[in-house]
Protein chains: 2
Amino acid sequence: MNVTVAQKRLIEKLGVFFEGQGRTPAEARIIGLLLVGDQLELTLEEIQQTLSISKSAVNNAINVLLLTQQLEYVTKPGDRKKYYRSKIEQWMSHVEQHVEKSLEGRTLLREALEQRTKSTKEFNVALKDMIDFMEFVQSHHLDLFAKWKKSKGRS
Amino acid sequence: MNVTVAQKRLIEKLGVFFEGQGRTPAEARIIGLLLVGDQLELTLEEIQQTLSISKSAVNNAINVLLLTQQLEYVTKPGDRKKYYRSKIEQWMSHVEQHVEKSLEGRTLLREALEQRTKSTKEFNVALKDMIDFMEFVQSHHLDLFAKWKKSKGRS
DNA sequence: TACTTAGTTCTGCAAATTCAGAACCATGTA
DNA sequence: TACATGGTTCTGAATTTGCAGAACTAAGTA
């Protein structure tokens, strides 16, 4: 498997970004490689050699990414190797999930609001506002998602 | 500064959540304390004693949270102490930022798409779809934010 | 049977993170 | 001046994370 210098650079940039999203360096670079590389399907060994990561690290990362539905693999008849590829069609729902996750603390905040002393009125109102806002955004997200699917279906 | 057992429990739960959002344990618990506790304004010493965290850890955490606009402090005449409080009014824009951040990879993905071999048509279309979706969500976010501010202004 | 190959699991290390404790600074007070 | 207080900075220790390397398993092959 060959990647150009430019591709390597971009893989690293994507790597840093995905690390920021909570993935390990190895996971992040594997995602990057499968997004950038010319070949869509790569074996464990190819990934290992292209990225210079140990076999075990690649294996662990791959299995995490399989569990989280970011990768899938295909097989070929009479070939024991697995060919891993980015499950890119699923990424839309991933974006959704990720956005939703950034709003999931809502429930805890509501708990906090309920448990709070009632004597700090101004603060409690501000807190409630924040919770309402998160709810508002979340509810409109469902709409957005639906709208998108519709507009995609039409085009 | 006194907190009930129930409050302590909730602070820990919020702590775990905020850790998941990328904050350190100390930062996370300070945020929690200032959201849950009956007193809105606490000194470094009070925070330190209530949470059983060292002075230096509290100090570092506070300063990070001040920089990131999640805390502010007020002072009182003839009193050198700083009274820290949750800057809760700013949290709405924080939520916004957080959601936006989860979509900021869009630019990198576009770069990837442009740099990709053109021969993997299906994949490239799927990638473009994803980027378009992220753009779609992002653009509607501005609307959402505006709408919210308007509806809040009216009520 | 022994050998090969693809993938998995285990062990331990190296780096990074986070914090405690102590030393320290800055400002006010006796 | 010495002392007290609020806050800061530094150093090292304890955890945690992430991974390399080696041992291992499973399944096919000579």
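Computed over heavy atoms, backbone and side chain alike; hydrogens, waters and symmetry mates excluded. Note that this is a predicted model, so its numbers are computed, not measured. Just so we're on the same page: letters track the sequence lines, and every chain starts at 1.
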- Classify the side chain of K55(A) and the base of dG7(C) as holding, or not holding, a donor-acceptor pair under 3.5 Å. yes
The residue, S54(B) or L44(A), whose nearest nucleotide of DNA chain C is more 5′ is L44(A)
Is the closest basic N to carboxylate O distance between R110(A) and E135(A) below 4.0 Å?
yes
Between CG of N63(B) and P of dC10(D) the distance, given in whole Å, is 13 Å
Between CD of E46(A) and C1' of dA6(C) the distance, given in whole Å, is 13 Å
Separation of dC25(C) atom C1' from N59(B) atom CG, nearest Å, is 13 Å
**Item:** Minimum side-chain heavy-atom gap L66(B)-K87(B) below 4.5 Å
**Value:** no
Open item on the list: With a 4.0 Å cutoff (strictly under), does any side-chain N or O of N60(B) reach OP1 or OP2 of dT18(C)?
Closed with: no
K82(B) NZ to dG6(D) P, in whole Å, measures 13 Å
From the candidates dA6(C), dT5(D), dC19(C), the one with an atom nearest any side-chain atom of R80(B) is dT5(D)
Between NZ of K76(B) and P of dG6(D) the distance, given in whole Å, is 13 Å
To the nearest angstrom, the CG-P distance between D79(B) and dG28(C) comes to 12 Å
* Examine the side chains of T68(B) and Q70(B) and answer whether a donor and an acceptor come within less than 3.5 Å of each other. => yes
Give a yes/no verdict on a cation-pi contact between K82(B) and Y84(B), requiring under 6.0 Å between NZ or CZ and the six-membered ring centre and an angle within 45° of the axis. no
Which of dG7(C), dG18(D), dG7(D) is nearest the side chain of P25(A)? It is dG18(D)
Here the distance between atom P of dA6(C) and atom OH of Y83(A), to the nearest Å, is 8 Å
Self-check item: Short N-O contact, E19(B) and R29(B), less than 4.0 angstrom
Solution: yes
5'-most contact on DNA chain D (nearest-nucleotide basis), E27(A) vs A57(B), goes to A57(B)
note: Y73(B), atom OH; dG6(D), atom P; distance rounded to Å ~ 15 Å
Considering only heavy side-chain atoms of S56(B), the closest of dT9(C), dC10(D), dG6(D) is dC10(D)
Per atom distances to the I53(A) side chain, the nearest of dA20(D), dG6(D), dG7(D) is dA20(D)
T24(B) side chain near dC19(C) phosphate (N/O to OP1/OP2, under 4.0 Å):
yes
